[in-house]
Asks: 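Below is the structure I would like to discuss, written out as C-alpha cells.
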Amino acid sequence: MLSRSPFLYFLTLLLFKQKSKHLGIMSISVVMIALVSAVLFISSSLQKTLQDTLDEQADFTVTRIEAGRPVSTPLAWVDKIIEIEGVSEVAPRIHGRYFYAPGEESFLVVGIDFFDEQGSKALQSLLKGIDLKQFFAEESMIVGEGVKDFLQKHYYKDTFSFKTPRGEFKKVKIDEVLPGSLNLLANDMIIMPIGLAREIFGLKEDEVTDITFNVPNDAEWDNVIGKLHLVDYEIRVVEKREVEKAYENLYNYKGGIFLILYIIALLTLMLILYQRYAMVYSHERKEIGILRAVGWSIRDILKLKFYETLILVISSFVIGTVAAYGYVFVLGAPVLIEIFLGGANLENQVQLIPEVSFGTLGSLFLLYAVPFFAAVLIPSWRVAVIPPKEAMR
Amino acid sequence: MIRIEDVGKRFGEGENLFEALKSITLEVEEGECVILSGISGSGKSTLLSLIAALDRPSSGKIVVEGELVSKLPDLHASAYRAKTIGVIFQHFNLIESLSVEENVIVPLINSGLDMPAIRKMAEQSMQRASILHKASQDVASLSGGEKQRCAIARALVHDPKVILCDEPTANLDRENSLRFIETIQKLHQAGKTIVVATHDPLFEALPFESRVIHMADGMIGKHGE
Ligand SMILES: Nc1ncnc2c1ncn2[C@@H]1O[C@H](COP(=O)(O)OP(=O)(O)OP(=O)(O)O)[C@@H](O)[C@H]1O
Ligand SMILES: [Mg+2]
C-alpha cells in the first residue's frame, strides 16, 4: 500500500529523511507523557485498590474503651447490637498488631471463625480458593507475601513462634501465602483460627477485639449511633465514612504534589510546542513555498502537515504510555511509588494492580495532541496562504 | 499562449511603496522562446512569478492557455501550476534533504497517478535532463550544475506547456551554461513555450529562433531599442 499511495509514500519519506528535525521534540514528549501517565497509572491503581478495600469494610466498627484507650470488647455486645433496628451482618473479630521486636516489624494478626459463615466481606475475598477445613485442622496460619519474605529473612521457613502475654511461646505452622495482588490489603497480614489468635493476644473466651456490622440504610446511621451508646457507656464507634474521608484527605494532599508535576509537564509541552511553532516559520517556510510552487494546494500542504503531526503525536503517545505501563505495572514503579506511599515498610509494600482509566488517558491525549496540532497547523496554514514567491524568499 | 495586459505590481505601501512592474503589455505565442533581459532589479523575476501564478499582479490581467491566471483562487492556481507551468528557479529551490528522484516526483504526488506511473515519468524526465545517473543521491551533495539539472527534471516531469526559467545560468560555469542552452533548444523544438529571464549575454545570440525583450525599471522596450 505504501508503494501504491504517492501521498503516504511522500509522507513517510519526509518523516524518515527529516527525522533529526523531529527527534528532539519526540523524545522530550515521550518522557513527559511517560512521566505523567505513570503518575496517573499509579494513582488510579492505588485508588482502585483503596476503593476495593473500603468497599469490603464494614459500615461500623465498635470497641470498648477504658479511660479513652481501646481494650478488649465483650462478646456479649453482639446480641445487644443485633437487636438494634436496621443492623445486619454483625461479626465479632479478633485481630491486632503483633510486634516482633528482633526485626522491628509488626504484623496484622486476624483470627477467623470457621463456623461463622458470614465472616467479614474483606476476609471472604482474601480466603477465596483456600481449603479452610484443612486449615482449621491444625495450628497453622495464612500469611501475606510481605510477612513470608520477612520471616524467611529471619530464618522462619515453615513455622513461627509467637510469644503470648503469659510469656509462653506458641509455634504456628505457615500454611499458605496470600497472592501478591492483595498486597495493599494483606501484605503484613496473618490469618489464623480464632482460638489461636485469642491465645496469642491473651484474650478470654468471652472477649474479642472489636465488633463490626453493616447498616444498609444510610438514613439510619445517626439513629443507630445513638442506640449504640445505650448498649454500653464505654463504647467507641468508628464509621466507614470517617475512614473514607481520612483516605480522601491523604489522597488530596498527595495530589497537590503531583499538581506541581503536571504544571511542569505542561510548561515543558508549551516550550517544545513553541519551538515547533517557530520551526515552521524558520525551516519549513521555504519547503512549503517550494511545494506550493510546484503545484501543491493549501489543502495538500495542510493534509501533509496534519498526517505528519498525527503520526508523531500518536507514536510518541503510544511509546510514552506503554513505557509508563511497563514501568508501573511490570517494574512496580520504583522511586515514584515511594513518593506516593512515603517510604516503604511491610504495611504498604504494594503490588500495583493494572488499572487504567481510559477517560483520564484520553484527556491526557487531547491535552497533548490538540496544542501539538495547533502548533503545527496554524503556522503551516499561515505560511501556505502567502504567495509561494514570498514563502520561498 | 501567454497574454499580459497592462500589468502592474507594487510592493509595500506608503513610504515603502515600490512599483516593480509598471504597465507591462506582452504577448508570447505558443512555441515561442522569449528572453527577458535587463539589469538586476528591472522586474524580470517579478514578471515570471506573475505568469506562474506564484504571486498576483496589483493591476492588469494575465491569460495563459486561455486561463485568467491573475485572478485564480488558490485551488485553481495550484492546479494550473501543476498542469501548465514548469519553473526553473534561480536558486533551484530544491528540497535539500531529499534525493534527486524524490525531488523530481514532488509535483506529481497529488496528481492522482499511482507510484509506478510517477516513477516512470520521473525516470524519463531525469533522462531528458541528464541527471538519471544521480537519481538516488541527496540533493545537498550535488554540484551547482547537477542541482540545476535536477531542477530541470522537476520542472519538466509533468510535461508542462509553458516553461519559465529565472536566471538559469547565473550559478553555472560556461560549459554547463552551454549545456543548458542545448536543453532549451530541445524543449523549443518540442514545441514548448519558453520564457527565460536572464542578463547572461549568452542568450542574446541563441542558435535558434528567439525574441529578446529588454526590461528596465519595471517597463519593457523592444529588441534593439
Ligand atoms: N516582495 C518584495 N517586496 C519589496 N520589493 C520587492 C519584492 N520583490 C521584488 N521587489 C523589488 O522589485 C524589484 C524587481 O525585482 P525582481 O526580482 O523582479 O528583479 P530582477 O529583474 O529579477 O533582478 P535580478 O536580476 O537581480 O534577479 C527589485 O527592486 C526588488 O527589490
Ligand atoms: Mg531575478
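As the structure is a computational prediction, the values presented were derived from the model and not from experiment. Chain naming here is simple, since letters A, B, ... match the order of the sequence lines and numbering starts at 1 in each.
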Asks: Given heavy-atom pairs under 4.5 angstrom as the criterion, report whether the side chain, backbone, both or neither of F89(B) touches chain A.
Replies: side chain
Asks: For F11(B), which atoms come within 4.5 Å of any heavy atom of chain A: side chain, backbone, both, or neither?
Replies: side chain
Asks: Give, as side chain, backbone, both or neither, the part of R56(B) having an atom under 4.5 angstrom from any heavy atom of chain A.
Replies: neither
Asks: Quick check for you: to the nearest 0.5 Å, what is the distance between N110(B) atom CG and L291(A) atom CG?
Replies: 9.0 Å
Asks: Among I95(B), I118(B), I85(B), single out the residue with the greatest number of heavy-atom pairs under 4.5 Å to chain A.
Replies: I95(B)
Asks: Any side-chain heavy-atom pair from F10(A) and L98(B) closer than 4.5 angstrom?
Replies: yes
Asks: Can you check whether R119(B) reaches Y9(A) side chain to side chain, under 4.5 Å on heavy atoms?
Replies: yes
Asks: Find the one option among L13(A), V385(A), L14(A), I386(A) whose heavy-atom pairs under 4.5 Å with chain B are most numerous.
Replies: L13(A)
Asks: Kindly compute the distance separating NZ (K389(A)) from CG (D55(B)), expressed to the nearest 0.5 Å.
Replies: 5.5 Å
Asks: Work out which heavy atom in P6(A) is nearest to a heavy atom in L113(B); give both atom names and the distance.
Replies: CG-O, 3.2 Å
Asks: Which region of L94(B), side chain (C-beta onward) or backbone (N, CA, C, O), has a non-hydrogen atom less than 4.5 Å from a non-hydrogen atom of chain A, or is it both or neither?
Replies: backbone
Asks: Sort S111(B) into side chain, backbone, both or neither according to what part of it lies under 4.5 angstrom from a heavy atom of chain A.
Replies: neither
Asks: For V106(B), which atoms come within 4.5 Å of any heavy atom of chain A: side chain, backbone, both, or neither?
Replies: both
Asks: Taking C-beta and beyond as the side chain, do H76(B) and S297(A) meet within less than 4.5 Å on heavy atoms?
Replies: no
Asks: Given that the side chain runs from C-beta out, which part of I109(B) has a heavy atom under 4.5 Å from chain A: side chain, backbone, both or neither?
Replies: both
Asks: Using a strict 4.0 Å threshold on nitrogen-to-oxygen distance, state whether R299(A) and D74(B) make a salt bridge.
Replies: no
Asks: Measure distances from N93(B) to the heavy atoms of chain A and classify the residue's part below 4.5 Å as side chain, backbone, both or neither.
Replies: both
Asks: What I'd like to find out is whether the side chain of H91(B) reaches to under 4.5 Å of the side chain of M392(A), using heavy atoms alone.
Replies: no
Asks: Going through the distances and angles, do M115(B) and S5(A) end up as a side-chain contact (heavy atoms from CB on, under 4.5 Å)?
Replies: CA-CA 6 Å; M115(B) 237 13 237; S5(A) 160; over 6 Å; no
Asks: Flag yes if more than 12 heavy atoms outside Y307(A) fall under 6.0 Å of its OH atom; otherwise flag no.
Replies: no
Asks: Name the member of S49(B), G86(B), A79(B) that forms the most heavy-atom pairs with chain A at distances under 4.5 Å.
Replies: S49(B)
Asks: What pair of heavy atoms forms the shortest contact from G295(A) to R81(B), and how long is it?
Replies: CA-CB, 4.0 Å
Asks: Using a 4.5 Å cut-off on heavy atoms from C-beta on, say whether the side chain of S97(B) contacts that of K21(A).
Replies: no
Asks: At what distance, to the nearest 0.5 angstrom, does NZ of K286(A) lie from CD of E96(B)?
Replies: 7.0 Å
Asks: With heavy-atom distances below 4.5 Å as the criterion, would you say the side chains of I290(A) and R154(B) are in contact?
Replies: yes
Asks: Take atom NE2 in H283(A); do more than 12 heavy atoms of anything else shown fall under 6.0 Å from it?
Replies: no
Asks: Side-chain contact test, heavy atoms from C-beta onward, threshold under 4.5 Å: evaluate it for D138(B) versus K17(A) and give yes or no.
Replies: yes
Asks: Can you tell me if E390(A) has over 12 outside heavy atoms packed within less than 6.0 Å of its CD?
Replies: yes
